[in-house]
Structure formats: structure tokens, C-alpha cells
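A, B, ... follow the sequence lines: proteins, then strands. Residue 1 opens every chain.
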Amino acid sequence: MTEVLRRRWMSVLALATPDELEAAWRRIGDPPPYARVRGPEVGLVMVRARAGGTGLRFNVGEIPVTRCAVQFVGGALGQAWVRGRDMRHAERAAVLDALLQDDGRRPTLEATVIEPLARAREARLGAVTARAAATRVDFFTMVRGQD
Amino acid sequence: MRPGFVDPVLGSQRVFRRVLEAMAHPGRIVTLDALIEAPAPLAPASAAVCLTLLDFETPLWLDDAARSREAVEWLRFHCGVPLVEGPESARFALVLAPAAMPAFGEFDLGTDVMPDRSATLILQVDALTAGAGARLAGPGIADTTRLDVAGAPPRFWDLVRGNGMHFPRGVDLLLAAGPCLAALPRTVRVRDD
């Protein structure tokens with residue numbers, strides 16, 4: 001299990017909308033019993049950016065983030081950090097993170113949970129981009145014969 | 001990974017009040033009731049004190065006995081505490097084998113202008129017994145009190161006396177045994193008898 005895979009599914013779980021995650025949660029049924037190691041708890045994270053994308057770093061502002069860490073009996077530690085204050089979302093994302101770290105469960109979960117959530121997000125972003133593209137205006141200038 | 005306090009706010013407040021009581025009444029043994037599952041080889045009181053007092057701004061020095069993978073991971077996860085190699089850079093020290101610990105002078109004793117910038121040493125000992133052992137006096141102690149510490153470094157009370165000689169500089173000691181805690185701030189005076 002590589003870090004790259006884990007980053008991707010943690011990102012997909014965190015960026016899903018609460019409704020989408022709820023639907024995915026229903027699909028997988030009840031998870032095995034787990035213990036909460038930390039949270040879910042809401043805190044603030046300072047977002048940093050670079051001026052102009054490449055310049056000096058500065059503080060953009062604070063955003064609320066909900067984090068959660070859960071552990072299955074004799075299993076992996078699942079963690080989640082989700083923007084916003086949705087404690088249930090963070091807890092479910094953490095449980096799914098723990099389940100996905102299990103090599104036996106991963107393929108099924110990737111197919112039934114992660115891929116649909118990733119496609120849903122792409123569709124959402126695609127809709128926004130399409131709406132914005134519809135407002136695009138192409139400018140043309142007449143050649144003035146200078147060269 | 002073991003969890004921390006069931007309720008982080010109430011748990012740490014409870015433990016903080018106990019630590020305050022112990023520090024304000026040197027030699028008094030207090031029992032912590034906000035008990036948590038401590039990672040091996042920490043005792044419940046040591047772990048609770050760490051959760052309450054340590055954070056990302058308080059560098060921690062661990063002795064060899066405390067550097068178990070479970071303990072280090074637990075401290076990093078729950079406290080976010082930076083670990084330091086040299087005792088002189090630590091704000092807190094967690095010593096699980098006090099018999100082999102460095103001399104108090106190797107830790108930060110603070111300065112005359114800022115004596116509060118010193119280290120607080122958490123020593124995990126075998127047992128704390130009231131009414132026996134060394135006779136203690138000083139601020140916070142009405143008349144005198146007695147405290148016996150099993151599992152302390154050799155010549156422990158001489159070390160405590162020596163620590164008090166640097167006043168206002170010096171270290172402060174928190175002794176943890178099981179779920180119990182006692183404190184020996186630098187103001188405590190050890191009687192000769």
C-alpha cells in the first residue's frame with residue numbers, strides 16, 4: 001500500500017459532499033466495531049498562500065477543520081481531516097480510511113466508494129467549469145496593416 | 001494507538017487542578033481520577049500529566065526507558081510535543097528510570113531574570129508514601145510533612161537540597177507513581193533528620 005494511494009483516497013473522502021458520503025456509507029453496510037482515538041473535534045487551521053502563487057508566504061485566513069482518528073480492534077489507525085464542522089463526515093471518512101488500509105477490503109471499497117465519489121466530484125467541477133465557459137467572450141481585433 | 005482523555009477539556013482541567021494542588025502543597029500525594037490507558041511503559045499519572053502539560057511549544061526530553069515506540073508515537077500524536085536529544089533544551093523531561101537519570105544541573109535551571117524558563121522533571125517512581133521518609137518544610141507546607149519515594153535516584157534528598165540552593169533558579173519535580181502524583185518545587189526544604 002503506497003502513500004500515494006492513501007493520499008488519493010483520503011482526499012476523495014474529504015472532498016466528497018456529506019450527502020454523497022452518506023450514500024456511500026449506506027452502501028457498505030455496518031463497519032466492524034471501532035474505537036475513537038481522537039475526536040471528532042473541530043478546530044481552526046491557518047491557510048497559507050504565496051503572493052502571486054510563487055512569492056512570499058502569507059496567511060490567507062483561518063478555516064474550520066474537523067479531524068477524527070479511529071482504530072479497529074487490532075487494526076490500522078484511520079484518520080481524516082475535513083474542511084468544515086461536520087463531525088459525522090470526519091468520523092465516517094476516518095473509518096473508511098482505516099478500512100481502506102486493509103489489503104483485503106481495499107479493492108471492493110475502491111470500486112464501491114472511492115471511484116463513485118471521485119467521479120461525482122469530477123462531475124460537479126465539470127458542471128461549474130461548463131457554466132463558467134458559457135460566459136466566455138472571445139475578443140478579436142482587426143488587423144491594422146502595421147507589418 | 002491508545003486514546004487520550006475521554007473529554008480532552010474536562011480531563012486536562014481536572015489533571016491540571018491536581019498538579020496545581022501538588023505543587024502548591026509540596027509533598028502532598030494527590031490521586032488522579034481522570035484515568036486514561038497509558039502507553040507502555042508510562043504509568044497512568046505520568047501519561048495524564050503529559051497530556052495536560054505538553055504541547056507543541058514545550059520541548060520534551062525522554063530518557064532511554066521512555067523511548068519505546070508506543071510511548072513516542074502516543075506523545076507525538078496526542079500532545080504534538082517536539083522531542084529533543086539534549087536535556088538542556090527541554091522544557092519538560094519524562095524520566096521512567098530515575099535511578100539512571102542525568103544530574104538535575106544538566107537540565108535548564110532558568111536564569112535569575114527568568115527563573116520560570118526552567119525545566120519541569122516528571123519522574124516515574126515505584127511508590128509514594130506519606131507519613132514516612134524525608135521531612136519536608138517550606139512554602140505550602142504547614143509545619144512539616146513527610147514523604148517517602150521508592151525508586152528515586154540515589155542520594156535523592158541530597159539532590160533536592162542541592163536544587164534548592166540555586167533559588168530562584170532550579171528545576172521543579174513531579175513524582176508519578178501509578179495514579180498518584182506528588183510535587184517537589186524548588187522551594188521545598190529537606191530537613192536533616
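Around atom CZ of B:R117, no more than 12 heavy atoms belonging to other residues, nucleotides or ligands sit under 6.0 Å away. No more than 12 heavy atoms of other residues, nucleotides or ligands sit less than 6.0 Å from atom CG of A:L56. Surrounding CG of B:D64 are at most 12 heavy atoms belonging to other residues, nucleotides or ligands under 6.0 Å away.
Note on B:F5: it clusters hydrophobically with B:L54, by side-chain heavy-atom contacts below 4.5 Å among ILVMFWY residues. The cluster map of Ile, Leu, Val, Met, Phe, Trp and Tyr, joined by side-chain heavy atoms under 4.5 Å apart, puts B:L174 and B:W157 in different clusters. B:V149 and B:L121 end up in the same hydrophobic cluster when Ile, Leu, Val, Met, Phe, Trp and Tyr side chains are linked at under 4.5 Å.
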May I have a list of the donor-acceptor pairs under 3.5 Å that connect chain B with chain A?
| unit_1 | atom_1 | unit_2 | atom_2 | d |
| --- | --- | --- | --- | --- |
| B:M1 | N | A:Q71 | OE1 | 2.8 |
| B:F77 | O | A:R38 | NH1 | 2.8 |

